[in-house]
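Only one structure is covered here, and it is reproduced in the block below.
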Amino acid sequence: MSSSSTVTELASGKLLLDEPAENVLRIRISNPDKRGALDHEILDTLAETLWTREDRCIILTGDGPVFSAGYDIGNFDDPEMLSEAAERLVAHPFTDAIRAIEYYRYPVIAALNGHAIGGGLEVAVSCDIRVAARHVKVGMPPAKIGLIYSHSGLKKFMEVCGPGNTSELFFLGRHVDAARAYDMGLLNYVVDGDDLEDTALSMACEIAANAPLSLVGNKEIMRTLREVPSELPAGVERRLVELRETCFRTEDFREGLKAFAEKRAPEWKGR
């Protein structure tokens, strides 16, 4: 199902955008000389792009042998400069990029073509669905370099793969293979490397063909449930209930029921 389309280069060519199918945007991290490391320009451009798009599914992947090796924090020969660079990167552009992924209205698929380490793995975990090539390894190395990870990042990992697996990732700091990452709950699917692109695109096309209001509403509810305490304040719970109830009064809901009954593809209007 592989497809080609015009490629747009952003962030000095370190982000490659194309539209391989209707309502699907693919974003490739292309920084091969630095193993897909995430610098200010990549992160700022990724955030700006996501805040302005309306594609019904996004595939975020890598261009080269690695998905992303994490933060690009410069020269390790100068610890003082390294510390300052890391603080600047994590405090602003990385947080903004993560937020843009999480708050993108429609689903985002991470297609891990290569290893996802550190901040690169958090980028993947911030996506809604993760599919990886069988040879991929993932890891969280903060303990190896004396870094205390953000509370928001740790909370996200605990939600995705549980406290025990999060402890294993962050306390041991070792890389785990795709099979183990799948068992931990970090990955939804593991496929042969040659099948990764087609698998991700097939999923994206299926998502993009679904009711847009359902995608947006369900993603907002799931995100909100992760953000608030388990016992929701009355106002928040009421808003989520009302959000769900709005779908019952839409043209798309009625069209969806009709199309299902008639065994045909629905024609979504977004209203």
Side-chain angles (χ1 to χ4, degrees), residues 9-16 26-47 59-79 81-98 100-101 108-127 130-150 153-154 156-157 160-161 166 168-178 180-181 184 186-187 190 193 196-197 200:
E9 295 186 4
L10 299 177
S12 303
K14 291 176 288 190
L15 284 180
L16 307 177
R26 180 165 50 198
I27 303 175
R28 298 182 188 272
I29 301 168
S30 182
N31 194 12
D33 292 343
K34 295 190 175 181
R35 302 179 66 243
L38 305 167
D39 59 23
H40 282 253
E41 188 176 23
I42 291 173
L43 293 167
D44 286 341
T45 305
L46 177 61
I59 299 170
L60 182 60
T61 189
D63 183 50
V66 178
F67 175 75
S68 176
Y71 312 134
D72 181 3
I73 49 180
N75 191 343
F76 282 79
D77 294 336
D78 188 335
M81 291 293 290
L82 181 66
S83 176
E84 293 177 4
E87 186 174 1
R88 287 196 305 271
L89 185 71
V90 175
H92 166 58
F94 184 73
T95 301
D96 286 354
I98 291 295
I101 293 170
V108 181
I109 297 172
L112 304 186
N113 56 296
H115 302 338
I117 309 300
L121 181 56
E122 185 177 347
V123 166
V125 170
S126 300
C127 297
R130 289 160 295 283
V131 55
R134 207 171 302 281
H135 69 275
V136 163
K137 291 186 178 181
V138 304
M140 263 297 168
K144 301 292 189 184
I145 58 175
L147 174 68
I148 298 175
Y149 215 72
S150 70
L154 284 164
K156 187 181 309 167
F157 277 88
V160 169
C161 63
T166 300
E168 179 181 331
L169 278 173
F170 281 84
F171 294 159
L172 272 67
R174 63 169 63 143
H175 296 176
V176 300
D177 61 25
R180 174 65 182 132
M184 297 172 91
L186 286 169
L187 301 174
V190 177
L196 178 68
E197 184 175 336

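Numbers for residues simply follow the sequence, beginning at 1.
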Exercise. Mind checking the NE2-CG spacing from His175 to Leu169? Nearest 0.5 Å is all I need.
Key: 10.5 Å
Quiz item: For Phe157, does its backbone N or O pair with a side-chain atom of Thr166 as donor and acceptor, under 3.5 Å?
Solution: yes
Quiz item: Are more than 12 heavy atoms from other residues, nucleotides or ligands located less than 6.0 Å from atom NZ of Lys137?
Solution: no
Quiz item: Which residue, Asn31, Leu46, Asp63, forms the side-chain contact (heavy atoms from CB on, under 4.5 Å) with Lys14?
Solution: Asn31
Quiz item: What distance separates Glu9 CD from Leu16 CG, expressed to the nearest 0.5 Å?
Solution: 6.0 Å
Quiz item: Are any of the side-chain nitrogens in Glu197 or Arg26 under 4.0 Å away from the carboxylate oxygens of its partner?
Solution: yes
Quiz item: Asn113 side chain to Leu196 main-chain N or O, any donor-acceptor pair under 3.5 Å?
Solution: no
Quiz item: If every non-hydrogen atom of Ala116 is compared with every non-hydrogen atom of Leu112, which pair is closest and at what distance?
Solution: CB-CD1, 4.2 Å
Quiz prompt | Steps toward side-chain contact (heavy atoms from CB on, under 4.5 Å) verdict (Leu186, Val138) | solution = CA-CA 9 Å; Leu186 286 169; Val138 304; 4.1 Å; yes
Practice problem: Work out which heavy atom in Ala133 is nearest to a heavy atom in Gly193; give both atom names and the distance. | Solution: CB-CA, 3.8 Å
Quiz item: Any side-chain heavy-atom pair from Val123 and Leu38 closer than 4.5 angstrom?
Solution: yes
Quiz item: What is the distance from atom CG of Leu43 to atom OH of Tyr71, rounded to the nearest 0.5 Å?
Solution: 9.5 Å
Quiz prompt | Arg130 vs Val160 side-chain heavy atoms within contact, under 4.5 Å | solution = yes
Practice problem: Mark yes or no for whether Ser126, through its side chain, and Ile98, through its backbone, hold a donor-acceptor pair below 3.5 Å. | Solution: no
Self-check item: Test log, rule side-chain contact (heavy atoms from CB on, under 4.5 Å), inputs Cys127 and Ile109
Solution: CA-CA 6 Å; Cys127 297; Ile109 297 172; over 6 Å; no
Practice problem: Walk me through it: do Ile59 and Ile27 pass the test side-chain contact (heavy atoms from CB on, under 4.5 Å)? | Solution: CA-CA 6 Å; Ile59 299 170; Ile27 303 175; over 6 Å; no
Quiz item: Aromatic rings His135 and His115: how do their planes relate, parallel, tilted or perpendicular, breaks at 30° and 60°?
Solution: tilted
Quiz prompt | Inter-residue atom distance Ile29.CD1 - Thr61.OG1, 0.5 Å rounding | solution = 8.0 Å
Quiz prompt | Minimum heavy-atom distance between Ala47 and Ala100, given as atom pair plus value | solution = CA-CB, 3.8 Å
Quiz item: Shortest non-hydrogen contact from Gly139 to Leu121?
Solution: O-CD2, 3.8 Å
Quiz item: How many angstroms lie between atom OG of Ser68 and atom CZ of Arg35, to the nearest 0.5 angstrom?
Solution: 9.0 Å
Quiz item: Passes side-chain contact (heavy atoms from CB on, under 4.5 Å), Met140 versus Glu122? Steps please.
Solution: CA-CA 9 Å; Met140 263 297 168; Glu122 185 177 347; 4.2 Å; yes
Quiz item: Can you tell me if CZ on Arg28 sees more than 12 non-hydrogen neighbours from other groups inside 6.0 Å?
Solution: yes
Practice problem: Return the minimal non-hydrogen interatomic distance between Phe170 and Ala143, and the atom names on each side. | Solution: O-CB, 3.3 Å
Quiz item: Can you name the closest pair of heavy atoms from Phe67 and Ala124 and give their distance?
Solution: CE2-CB, 4.3 Å
